[in-house]
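The structure appears below as structure tokens.
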Amino acid sequence: MQKVIYFDNNATTFVAPEAMEEMLPFFKTRYGNPSSMHEFGGENKKYVDKARQQIADLIGANSKEIIFTSCGTESDNTAIWSALQTNPQKRRIVTTKVEHPAVFETCKWWEGQGYEVTFLPVDEQGNLNLHDVDDAIKKDTALVSVMWANNETGVIFPVEQIAKMAKDKGVLFHTDAVQAVGKLPVNLKNSSIDMLSVSGHKLHAPKGVGMLYVREGTKFESFMKGGHQELARRAGTENLAYIAGFGKACELAVAKVEKENTYVKNMRDKLEKGIIEKISDVKINGDTKNRLPNTLNISFKYVEGESILLMLSEKGICASSGSACTSGSLEPSHILMAMKVPFEFAHGSIRFSLSIYNTEEEIDFVLKELPIIIERLRKISPFVKKDGK
Ligand code: PLP
């Protein structure tokens, strides 16, 4: 296999070697069930508690407020489920048009069950209008769910301000912080946020583990029914190894956040500047002053994002496209559509998402190969001819 240059860290990340080390004993020798009466199993509970503390430390929470789940999607579904079950008299949800499907599709499903859902619009930069947000929150709203940072553009929402608006009206606030935690400083100590979702595999833990933060005192109804694990808040035998790896990755992330905002951001900025200098007719998608430090979403006029991705992939470069998706549809992403990115740009969008494991040499390699790829694709593009170029 050729060397992989991995610029798709918003999709998933490499498991940190330290996290892997932490996990191995649970596959080999320490396989007991933490709920068992015998010591061999029961002593594993302390490793679950250790991870719970490591995660709480990363987000300024109390360890009791952390509920382990199987992924970010389960955490999002649980938060929405719990808010609706514990407020049966309230029939409204407020969310945005640019949420990840884990929230967006779930809210659409609840809409089909008779809930009134407001999907808030964004402007061309991907930002929300806070007056719209405030207007949409009514006293009979059960939940406001607004993501912390967008997975495709990296645009950051002022979740603390929105949480405060919800709190003032006695409404629960949840944030999908899957792309934010590990990349931005998060401190829930004096926050108005009631629930927050995190996924392990976006911050160098393995796929298949996540957590939901539920502020102490928040009414909660479990989504997974069964045993009494997680203080009866999430049934199912704990995924010990993955929980231990997740805990370690969070401990590493405490030190890494600063590097995200210096080392990673500098590399992202170099990539962005280099592309703009070397390639004509490009457009950055999302507010460049209010973005995750690792994300660059950029469109190339006259070419299809998928063709760029395939040619990058031939060079071992992994990125992702915001247009055609796994469903095989050729529609641009709902996020770029909500931002009203013009059709000819939306189809040629690419997301590069970096991590602390990337290097400047890798950026130089992309800056060498990408202009050649775009030139080649534009030569055969029917859109260029139509435009008379
Ligand atoms: N929310 C956001 C913003 C995401 O980017 C993702 C994954 O891409 C998820 C939720 C879902 O997380 P998971 O893959 O752990 O279910």
Side-chain angles (χ1 to χ4, degrees), residues 1-23 58 149-154 156 178-185 199-207 245-246 248-279 282 284-286 288 291-300 305 308-322 349-375:
M1 207 167 87
Q2 69 175 324
K3 184 177 179 300
V4 166
I5 295 185
Y6 192 74
F7 286 141
D8 203 10
N9 289 278
N10 287 8
T12 196
T13 59
F14 158 81
V15 176
E18 298 90 332
M20 177 77 93
E21 274 303 307
E22 203 81 5
M23 291 165 65
L58 176 62
N150 190 274
N151 44 302
E152 280 188 23
T153 59
I156 298 166
V178 165
Q179 295 292 346
V181 170
K183 296 175 189 143
L184 299 175
S199 174
H201 74 104
K202 309 289 182 179
L203 46 73
H204 304 286
K207 295 156 195 63
F246 186 21
K248 188 68 190 179
C250 286
E251 184 190 301
L252 298 171
V254 172
K256 177 179 92 71
V257 170
E258 203 209 310
K259 216 170 164 193
E260 282 280 343
N261 290 282
T262 49
Y263 176 71
V264 174
K265 182 177 181 295
N266 288 343
M267 280 193 296
R268 190 275 313 271
D269 291 347
K270 175 174 174 171
L271 179 64
E272 179 175 302
K273 190 163 168 274
I275 293 176
I276 293 171
E277 275 168 14
K278 287 169 182 249
I279 305 174
V282 300
I284 311 288
N285 299 310
T288 52
R291 240 181 340 170
L292 289 174
N294 79 321
T295 306
L296 170 62
N297 189 311
I298 187 161
S299 290
F300 301 87
I308 307 171
L309 282 189
L310 288 175
M311 291 180 77
L312 284 172
S313 178
E314 279 172 16
K315 299 285 173 191
I317 301 164
C318 306
S320 80
S321 143
S349 82
I350 294 287
R351 179 189 69 190
F352 294 96
S353 47
L354 282 54
S355 86
I356 55 160
Y357 296 98
N358 288 123
T359 63
E360 231 176 295
E361 289 75 62
E362 292 176 330
I363 300 286
D364 292 337
F365 185 68
V366 174
L367 287 176
K368 178 165 104 34
E369 296 297 334
L370 189 60
I372 302 169
I373 290 173
I374 301 295
E375 194 187 333

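The figures that follow rest on heavy atoms only: side chains count, while hydrogens, waters and symmetry mates do not.
No side-chain donor-acceptor contact under 3.5 Å links Ser349 and Asn285.
With sequence neighbours left out, Glu272 forms a side-chain contact (heavy atoms from CB on, under 4.5 Å) with Arg268, Ile276, Ile284, Thr288, Arg291, Leu296. With sequence neighbours excluded, the residues that form a salt bridge (Lys or Arg N to Asp or Glu O under 4.0 Å) with Glu277 are Lys273. In this structure, the side-chain contact (heavy atoms from CB on, under 4.5 Å) partners of Leu309, at least two apart in sequence or on a different chain, are Ala319, Ser321, Ile350. For Lys248, the salt bridge (Lys or Arg N to Asp or Glu O under 4.0 Å) test picks out Glu251, with sequence neighbours left out. Qualifying side-chain hydrogen bond (donor to acceptor under 3.5 Å, both in side chains) partners for Thr13, counting only residues two or more places apart in sequence or in other chains: none. Lys207 meets the salt bridge (Lys or Arg N to Asp or Glu O under 4.0 Å) test with no other residue; sequence neighbours excluded. For Ser199, the side-chain contact (heavy atoms from CB on, under 4.5 Å) test picks out Val178, His201, Lys202, with sequence neighbours left out. Take Lys259 and apply the salt bridge (Lys or Arg N to Asp or Glu O under 4.0 Å) test, not counting sequence neighbours, and it matches no residue. Under the ring pair (Phe, Tyr, Trp, His ring centres under 6.0 Å) criterion, Tyr357 pairs with Phe14, His204, sequence neighbours left out. Partners of Glu18 according to the side-chain hydrogen bond (donor to acceptor under 3.5 Å, both in side chains) rule, which considers only residues two or more places apart in sequence or in another chain, do not exist here. Qualifying side-chain contact (heavy atoms from CB on, under 4.5 Å) partners for Met311, counting only residues two or more places apart in sequence or in other chains: Ile373, Arg376, Leu377. By the side-chain hydrogen bond (donor to acceptor under 3.5 Å, both in side chains) test, Asp269 is found to be paired with Lys265, residues two or more places apart in sequence or in another chain being considered.
Taken to the nearest 0.5 Å, the CZ atom of Phe352 stands 4.5 Å off from the CD1 atom of Ile275. One finds the CE atom of Met267 at 9.5 Å from the OG1 atom of Thr262 (value rounded to the nearest 0.5 Å). The line from CD of Glu362 to CD of Glu360 is 11.0 Å long, rounded to the nearest 0.5 Å. The distance from atom CD1 of Ile298 to atom OG1 of Thr153, rounded to the nearest 0.5 Å, is 13.5 Å. Here the CG atom belonging to Leu370 is positioned 4.0 Å from the CD1 atom belonging to Ile279, to the nearest 0.5 angstrom. Annotation: the span from Leu58 atom CG to Leu252 atom CG amounts to 10.5 Å, rounded to 0.5 Å.
Looking at Ser353 and Asn297, their side chains never come closer than 4.5 Å, going by heavy atoms from C-beta outward. A 4.5 Å side-chain heavy-atom check between Glu260 and Asn294 finds at least one atom pair inside the cut-off. A 4.5 Å side-chain heavy-atom check between Lys270 and Asp364 finds at least one atom pair inside the cut-off.
For the pair Asn358 and Ser355, the tightest heavy-atom approach, listed with the atom from each and the gap, is OD1-N, 2.8 Å. Considering all non-hydrogen atoms of both residues, Ile308 and Phe300 come closest at CD1-CD1, 3.7 Å. Of all non-hydrogen atoms in Tyr6 and Ala11, the two that sit nearest each other are OH-CB, 4.4 Å. Minimum heavy-atom separation, Leu203 to Phe246: CD1-CE1, 3.9 Å.
Proximity of a side-chain donor or acceptor of Lys256 to a complementary backbone N or O of Gly182 within less than 3.5 Å is detected. Arg351 places a side-chain N or O within 3.5 Å of a backbone atom of Asn151 that can act as its donor or acceptor partner. Checking side-chain atoms of Asn266 against main-chain N and O of Asn261 turns up no donor-acceptor pair under 3.5 Å.
Between Leu354 and the options Leu292, Ile363, Thr295, a side-chain contact (heavy atoms from CB on, under 4.5 Å) holds for only Ile363.
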